[in-house]
Amino acid sequence: MSETISKFYTCRNDRAFKEVFMKEESKDILTKLLESILDVKIEDIEFLNLERNVDNIHVRRKHFDLFLKTNIGKIQVEVNAEKPNYLHPRNASFIFDTYSHEVKKGDEYNEDTLVIQINLSYSLSIEELVRIYKVRDEEGNEYIKNLIIYDINMDKIKDIWYSKSRNEIEKYKYLIMLDLNQEELKTLEELSQDRSVDKYMKTLEEVNQDPEFREFMSAEEDNRKIENSLRREAIEQGLEQGSTEKAIEIARNLLQNKVDISIISQSTGISKEDLEKLK
């Protein structure tokens with residue numbers, strides 16, 4: 001990789017994750033990743049439309065990180081680099097919407113298709129490496145059988161890498177590799193002698209060398225700095241941080257739905273100049 005490129009983006013970033021895995025030629029390493037999480041055999045993968053339209057102008061269109069049709073069912077994968085207060089309600093709304101569309105197919109409601117959400121999340125306040133959620137009553141009886149949510153604690157996955165436990169690293173290598181830098185990936189590949197790890201490393205390096213990807217990441221980081229500045233200004237002015245985050249979220253929704261920028265500014269209190277930067 002060119003030495004002029006200083007920052008290396010790992011798949012902790014959702015854009016990098018999509019650039020690596022949402023390709024026909026990457027289906028083999030995606031399969032390895034899914035199988036290591038779900039402990040099942042994945043025989044085929046079809047990429048589905050990542051955007052879901054909505055009927056309500058005030059509801060933001062959902063752009064999934066990864067949406068798949070497989071031999072075991074429909075799978076959503078979400079990469080959550082940070083943990084906002086609304087992470088679980090937001091992710092639940094995504095998978096419940098998918099579940100609703102799936103069970104209403106045909107002439108009757110059915111539980112024929114398994115619907116799975118995999119959350120690769122950082123800053124989770126759970127002790128387990130993986131926590132699995134199902135819809136059950138207090139006695140453990142299933143309310144529905146075909147909806148499962150996996151929360152993967154990616155910080156604890158990274159701790160396994162730092163522990164240097166060869167057995168644990170081998171067991172979780174496909175999750176571990178997602179947030180390793182170049183030198184760490186080379187070390188992992190040498191330890192595991194796994195072609196999938198090597199292919200992942202080379203694919204990620206190619207993504208990082210792509211000028212369009214780096215231009216996108218530069219703009220995204222600039223937007224993040226703007227949002228952080230807006231939050232800080234709100235706190236300094238004695239406003240609640242949650243109110244500012246809500247205003248930014250509403251502004252983004254309205255911008256995506258082509259609402260006049262003057263109206264958005266009046267409604268949210270965000271200046272037209274800052275709104276232009278949020279586009």
Do [X] and [Y] have side chains that approach each other closer than 4.5 Å (heavy atoms only, starting at C-beta)?
X	Y	value
I75	I45	no
F47	L30	yes
N208	R214	yes
L191	V197	no
R90	N80	yes
L204	M201	no
V77	F21	no

Heavy-atom neighbours of E127 CD exceed 12 at 6.0 Å = no
Over 12 non-hydrogen atoms of neighbours within 6.0 angstrom of NZ in K74 = yes
Please name all residues satisfying salt bridge (charged side-chain N to carboxylate O under 4.0 Å, His left out) with [X], sequence neighbours left out, ordered by chain then number.
X	value
K199	D28
D198	K202
E215	none

Run the side chain to side chain donor-acceptor pair (under 3.5 Å) test against [X] and tell me which residues pass, sequence neighbours left out.
X	value
E168	none
N153	none
T70	none
S36	none

Which residue pairs satisfy the salt bridge (charged side-chain N to carboxylate O under 4.0 Å, His left out) criterion with at least one member in residues 180-195, sequence neighbours excluded?
->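 Counting only pairs at least two positions apart or across chains, the salt bridge (charged side-chain N to carboxylate O under 4.0 Å, His left out) contacts touching residues 180-195 are K173-D194, E183-K186.
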Between [atom1] of [X] and [atom2] of [Y], what distance do you get to the nearest 0.5 Å?
X	Y	atom1	atom2	result
L129	K171	CG	NZ	8.0 Å
L180	R12	CG	CZ	12.0 Å
K158	L178	NZ	CG	10.5 Å
R15	M217	CZ	CE	8.5 Å
I152	L175	CD1	CG	6.0 Å
K18	L66	NZ	CG	9.0 Å

Under 4.0 Å between a Lys/Arg side-chain N and an Asp/Glu carboxylate O for E276 and K272?
->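 No, no charged N to carboxylate O under 4.0 Å.
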Residues in side-chain contact (heavy atoms from CB on, under 4.5 Å) contact with E25, at least two apart in sequence or another chain = K23
For S163, what residues pass the side-chain contact (heavy atoms from CB on, under 4.5 Å) criterion, not counting sequence neighbours?
->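 S163 satisfies side-chain contact (heavy atoms from CB on, under 4.5 Å) with I160, S165 only.
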Would a distance-only check, ignoring hydrogens and angles, find a side-chain to backbone donor-acceptor pair under 3.5 Å from T31 to I42?
-> no
Indicate yes or no for a side-chain donor-acceptor contact from E82 to the backbone of S123 under 3.5 Å, with no hydrogens or angles considered.
-> no
Assess whether side-chain contact (heavy atoms from CB on, under 4.5 Å) is satisfied between D155 and L124, documenting all intermediate values.
-> CA-CA 8 Å; D155 293 312; L124 276 183; 5.8 Å; no
Could you walk me through whether V79 and C11 pass the side-chain contact (heavy atoms from CB on, under 4.5 Å) test, one step at a time?
-> CA-CA 8 Å; V79 179; C11 282; over 6 Å; no
For Q76 against F67, the heavy-atom pair lying closest together =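 That closest heavy-atom pairing would be CG-CD1, 3.7 Å.
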Closest contact, heavy atoms only, N91 versus Q117 =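 Heavy atoms of N91 and Q117 come nearest at O-NE2, 2.9 Å.
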Tell me, with the steps shown, if H88 and N119 meet side-chain hydrogen bond (donor to acceptor under 3.5 Å, both in side chains).
-> CA-CA 10 Å; H88 282 172; N119 295 311; over 6 Å; no
Which residues pass the ring-ring contact (aromatic ring centres under 6.0 Å, His included) test with F213, sequence neighbours left out?
-> Y9
Under 3.5 Å donor-acceptor pairs involving side-chain atoms of residues 140-150, not counting sequence neighbours:
{"from": "N141", "atom 1": "ND2", "to": "D137", "atom 2": "OD2", "distance (Å)": "3.0"}
{"from": "N146", "atom 1": "OD1", "to": "Y99", "atom 2": "OH", "distance (Å)": "2.8"}
{"from": "N146", "atom 1": "ND2", "to": "T113", "atom 2": "O", "distance (Å)": "2.9"}

side-chain contact (heavy atoms from CB on, under 4.5 Å) evaluation trace for F17 with L120 = CA-CA 11 Å; F17 183 89; L120 305 173; 3.8 Å; yes
